[in-house]
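So the structure is just underneath, and the comments pick up after that.
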Amino acid sequence: MLIVEELHMLLLRSDGRVESAVSVNRLYGEIAAVIVDLALHGRVTVSNEKNPVVDIVSTEPTGNPILDTTLERLVPLRGKRLQSLVTRPKLDPLEVVVESLVVQGVLVRGERGFFGWGAARTPESDSTPEQTLRARLAAVLAGTLAPTQADLALLSILQNLNAAHAILREECGGVSSRDLKKRIEDLTAGSAAGNAVAKAVNDAITAAMIAIMTPTIVAATIT
């Protein structure tokens, strides 16, 4: 299962809605995750510099609809900064990720909100994959299992969505939010991909918050 699919499972509540802790920032996390997936599959590279750039090294299809759809969308954006890419709705893999998880039997398509408005809910139909994932991350956090690149990317993204403690409350062994952040930082230290993704997600959230707050600040200044 791809990192972006695992991330999506973690971000969903049992009723098929996105957790409130990440409802605004889900986009950034899932775009970052699918870019890491593409890097691990040898289709893109993420440069190791202050403002990482994503470049395409191969356009050969992977056979995975999530990766191939994202790769096709990335082609016109090759050479762009990672921070810029994670804020682009055009790269949002949500629909293909949901479809993949439905096909795998992990999720099921439910009803829309009141009066048929809003996005359709996609509640979990098989909890085994998420339970397995959470057990793996709990072992990584406890130090009893060596983390994979996928584990590091997931933890880094969750932390930089400011949602790690809320999402992994049961898996973190009862530690505080501050201690969990330190543990994740220790685990991801030295991981170029993890650091690049962390910075891009964090920068995207900061930029989004500035965009949200600026009209409020301007209005307050005028009045």
Side-chain angles (χ1 to χ4, degrees), residues 1-12 16-19 21-47 49 51-104 107 109 112-113 117-122 150 153-154 156-158 160-163 193-194 196-215:
M1 189 173 284
L2 297 177
I3 297 170
V4 69
E5 292 175 295
E6 293 187 326
L7 178 64
H8 191 72
M9 287 194 300
L10 292 172
L11 299 186
L12 281 185
R17 296 293 193 191
V18 175
E19 286 281 0
V22 291
S23 59
V24 175
N25 300 325
R26 177 206 58 79
L27 171 74
Y28 313 136
E30 294 197 356
I31 293 177
V34 76
I35 287 175
V36 175
D37 279 319
L38 284 168
L40 293 177
H41 282 76
R43 297 304 187 271
V44 305
T45 58
V46 180
S47 65
E49 54 188 294
N51 293 303
V53 169
V54 176
D55 203 3
I56 297 173
V57 294
S58 173
T59 57
E60 181 181 353
T62 65
N64 183 294
I66 298 173
L67 297 182
D68 293 342
T69 298
T70 305
L71 185 60
E72 183 178 347
R73 293 171 179 173
L74 269 175
V75 169
L77 303 172
R78 65 194 313 158
K80 296 288 186 181
R81 291 179 179 178
L82 180 57
Q83 179 188 351
S84 167
L85 294 178
V86 299
T87 63
R88 293 177 183 250
K90 182 180 179 181
L91 294 178
D92 189 356
L94 179 61
E95 288 302 319
V96 281
V97 168
V98 168
E99 180 60 26
S100 175
L101 292 173
V102 168
V103 169
Q104 294 175 64
L107 303 180
R109 293 191 183 277
R112 295 182 180 274
W117 296 342
R121 298 180 184 181
T122 51
L154 279 171
S156 180
I157 290 169
L158 287 174
N160 284 276
L161 289 175
N162 299 314
V197 167
K199 184 179 187 303
V201 173
N202 188 61
D203 287 351
I205 292 172
T206 300
M209 290 306 297
I210 292 174
I212 291 168
M213 291 302 296
T214 297

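Since this is a predicted model, take the numbers as computed values, not measurements.
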For this session: Might you point out which heavy atoms bring P93 and V4 nearest each other, and give the distance in Å?
Result: CG-CG2, 4.0 Å
Problem set entry | Nearest-0.5 Å distance, CD1 of residue I66 to CG of residue L71 | 13.5 Å
Exercise. Can L158 and L7 be said to form a side chain to side chain contact (heavy atoms under 4.5 Å, CB included), step by step?
Worked result: CA-CA 8 Å; L158 287 174; L7 178 64; 3.9 Å; yes
Seminar exercise, completed: Nearest heavy-atom approach of I35 to L82 is CD1-CD1, 3.7 Å
Exercise. Got a salt bridge between R43 and D37, using NZ or NE/NH1/NH2 to carboxylate O under 4.0 Å?
Worked result: no
Problem set entry | Steps toward side chain to side chain contact (heavy atoms under 4.5 Å, CB included) verdict (I157, E30) | CA-CA 9 Å; I157 290 169; E30 294 197 356; over 6 Å; no
Exercise. Can you name the closest pair of heavy atoms from V46 and P52 and give their distance?
Worked result: CG1-CB, 3.8 Å
Seminar exercise, completed: Residues passing the side chain to side chain donor-acceptor pair (under 3.5 Å) test with S100, sequence neighbours excluded, are E5, Q104
Problem set entry | Reported OG1-to-CD1 distance for the pair T70 and I31, which is rounded to 0.5 angstrom | 8.5 Å
For this session: Measure the CD1-CG distance between I56 and L77 for me, rounded to the nearest 0.5 Å.
Result: 8.0 Å
Problem set entry | T122 (side chain) donor-acceptor with L107 (main chain) under 3.5 angstrom | no
Exercise. Do the non-hydrogen side-chain atoms of I3 and L40 ever get within less than 4.5 Å of each other?
Worked result: yes
Exercise. Should we say atom CZ of R88 is surrounded by more than 12 heavy atoms from elsewhere, each under 6.0 Å from it?
Worked result: yes
For this session: Side-chain contact test, heavy atoms from C-beta onward, threshold under 4.5 Å: evaluate it for L10 versus E19 and give yes or no.
Result: no
Problem set entry | D55 side chain vs T45 backbone, donor-acceptor pair below 3.5 Å | no
Exercise. Under 4.5 Å between any side-chain heavy atoms of L91 and L74, yes or no?
Worked result: yes
For this session: For the pair T69 and E95, evaluate side chain to side chain contact (heavy atoms under 4.5 Å, CB included) and give the outcome as yes or no after the intermediate values.
Result: CA-CA 11 Å; T69 298; E95 288 302 319; over 6 Å; no
Exercise. What heavy-atom pair brings P89 and T87 nearest, and what distance separates the two atoms?
Worked result: CD-O, 3.1 Å
Problem set entry | Rounded distance (nearest 0.5 Å) linking atom CG of N64 with atom CE of M1 | 11.0 Å
Problem set entry | Partners meeting side chain to side chain contact (heavy atoms under 4.5 Å, CB included) with E72 (sequence neighbours left out) | none
Exercise. Is there a side chain to side chain contact (heavy atoms under 4.5 Å, CB included) between V57 and V44 once you walk through the steps?
Worked result: CA-CA 5 Å; V57 294; V44 305; 5.7 Å; no
Exercise. Taking C-beta and beyond as the side chain, do E99 and V103 meet within less than 4.5 Å on heavy atoms?
Worked result: yes
Problem set entry | Sidechain-backbone polar pair: R121 side chain, G16 backbone, donor-acceptor under 3.5 Å | no
Problem set entry | Which atom of A163 lies closest to which atom of A21, heavy atoms considered | CB-CB, 4.3 Å
